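Quantities reported herein were computed from a predicted structural model and do not represent experimental measurements. Note that these values count all heavy atoms, side chains included, but never hydrogens, waters or copies made by symmetry.
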Amino acid sequence: MSTGELLSIEPLELKFPFELKKQISCSLQLSNKTDSYVAFKVKTTNPKKYCVRPNTGIVLPRSTCDVIVTMQAQKEAPPDMQCKDKFLLQSVKTFEGASAKDINAEMFNKEAGHVVEECKLRVVYVSPPQPPSPVPEGSEEGSSPRGSISENGNVSSADFTQASRGFTERSDGQDKSAEARALISRLTEEKNNAVQQNNKLRQELDLLKREGNKNRSGVSFVIVILIGLLGIIMGYLMKKT
């Protein structure tokens, strides 16, 4: 906090939670420590980058005034998140009943004999706050999803055991899935082999049937010849008698 004779300024660092492509604002509170009207004016080394509302104004005796500083959306982050931009807040006593429309540049001219207080403010970029982790289903209300981590950063044995069990169950599930796929592959191969064997047996059976038919036809032909020869012999014998 600034301890000037006219205004107290809080804070002395403009802290912006930096995020790309997003406008970010922070506030200053000016407190008039005197019984006089105090005029103020805010300047910056990079006026195109920042919007200050109000950039000039009057702080009534023993009163406060809030100033909002908005940083325009940035397309890229500075190296090492360091910012060299600075602000200068000037304050000066003015006449009683003064308003913002009465403020002019001449009031802050030291060469004209005006007693002007000046306070330099620096800009600081900070990392934006991280959103809270979602509470998993089934957890108790108000409990933290990372409540298993102790204050010194160690994980409790119970939670380690639970995590190990979950990992083992996932591993067992993966092993069972692999075994099922292997069994299906083996059964499919055995089925294909059985079909091939069945087709081969059918082919061999058809071949045996064809060969049996040929053999039966040959036997019938021999019998016919034998019967014919027997008839000739019988006829020959009958003629001799």
Discussion item. Set out, in order, the CA-CA distance, both residues' side-chain angles and the distance that settles side chain to side chain contact (heavy atoms under 4.5 Å, CB included) for Leu6 and Lys93, then state yes or no.
Written reply: CA-CA 8 Å; Leu6 301 180; Lys93 286 184 179 181; 3.5 Å; yes
Worksheet item: If you look at every heavy atom in Lys49 and Asp85, which pair is closest and at what distance?
Response: NZ-OD2, 2.9 Å
Discussion item. Surrounding CD of Glu76 (heavy atoms of other residues, nucleotides or ligands, distance under 6.0 Å), is the total greater than 12?
Written reply: no
Worksheet item: Between Asn46 (side chain) and Tyr50 (backbone), is there a donor-acceptor pair under 3.5 Å?
Response: no
Worksheet entry | Leu187: hydrophobic cluster co-members (side-chain, 4.5 Å) | Leu183
Practice prompt. Mind running side-chain hydrogen bond (donor to acceptor under 3.5 Å, both in side chains) on Ser25 and Thr70 for me, showing each step along the way?
Written response: CA-CA 4 Å; Ser25 299; Thr70 301; 2.8 Å; yes
Worksheet item: Do any N or O atoms from the side chain of Asn32 and from the backbone of Thr34 form a donor-acceptor pair under 3.5 angstrom?
Response: yes
Worksheet item: Do Phe87 and Ile9 share a hydrophobic cluster, counting only Ile, Leu, Val, Met, Phe, Trp and Tyr and linking them when any side-chain heavy atoms are less than 4.5 Å apart?
Response: yes
Worksheet item: If you round to the nearest 0.5 Å, how far is CG of Leu89 from CG of Leu28?
Response: 7.0 Å
Item to complete: Would you confirm whether Lys33, through its side chain, and Gly4, through its main-chain N or O, come within 3.5 Å as a donor-acceptor pair?
Response: yes
Worksheet item: Any side chain to side chain donor-acceptor pair (under 3.5 Å) pairs touching residues 108-118, not counting sequence neighbours?
Response: Gln90-Glu118, Lys110-Glu118
Worksheet entry | Connected via hydrophobic side-chain network under 4.5 Å: Ile103 and Val67 | no
Discussion item. Going by the rule side chain to side chain contact (heavy atoms under 4.5 Å, CB included), which residues pair with Cys26 if we only count those two or more places apart in sequence or in a different chain?
Written reply: Leu14, Phe16, Val69
Fill in: From CD (Gln29) to OG (Ser8), nearest 0.5 Å
9.5 Å
Worksheet item: Would a hydrophobic clustering, with Ile, Leu, Val, Met, Phe, Trp and Tyr connected at side-chain separations under 4.5 Å, put Val116 with Tyr37?
Response: yes
Item to complete: Flag the pair Thr94 / Val38 as yes when at least one side-chain heavy-atom distance between them is below 4.5 Å, and no otherwise.
Response: no
Fill in: Distance, nearest 0.5 Å, that separates CG of Leu88 from NZ of Lys41
10.0 Å
Worksheet item: How would you list all residue pairs meeting side chain to side chain donor-acceptor pair (under 3.5 Å) that involve residues 56-69, not counting sequence neighbours?
Response: Asp35-Arg62
Discussion item. Main chain of Gln203, side chain of Asp206: is a donor-acceptor contact present, judged purely on distance under 3.5 Å?
Written reply: no
Fill in: Nearest heavy-atom neighbours spanning Pro78 and Gln82
CB-O, 3.4 Å
Item to complete: Looking only at non-hydrogen atoms, find the nearest pair between Val59 and Cys65 and report the distance.
Response: CG2-CB, 3.9 Å
Worksheet item: When hydrophobic residues are tied together by side-chain contacts of less than 4.5 Å, even through go-betweens, does Leu12 share a cluster with Tyr125?
Response: yes
Worksheet item: Taking a hydrophobic cluster as the set of Ile, Leu, Val, Met, Phe, Trp and Tyr residues connected by side-chain heavy atoms closer than 4.5 Å, whether directly or through intermediates, do Val123 and Phe18 fall within one such cluster?
Response: yes
Worksheet item: Are the side chain of Gln74 and the backbone of Gln72 linked by a donor-acceptor contact shorter than 3.5 Å?
Response: yes
Practice prompt. Name all residues meeting the side-chain hydrogen bond (donor to acceptor under 3.5 Å, both in side chains) criterion together with Ser27; count only those two or more places apart in sequence or in a different chain, and write none if there are none.
Written response: none
Practice prompt. Kindly give the cluster partners of Val126, where membership spreads through any ILVMFWY side chain lying under 4.5 Å from a current member.
Written response: Val124
Practice prompt. Working to the nearest 0.5 Å, report the span between NZ of Lys15 and CZ of Arg122.
Written response: 9.0 Å
Worksheet, complete the sentence: One should read off an interatomic distance between Ser91 OG and Ile58 CD1, to the nearest 0.5 angstrom, of 11.0 Å
Worksheet item: Atom CG of Leu60 and atom CD of Glu96: how far apart are they, to the nearest 0.5 Å?
Response: 10.5 Å
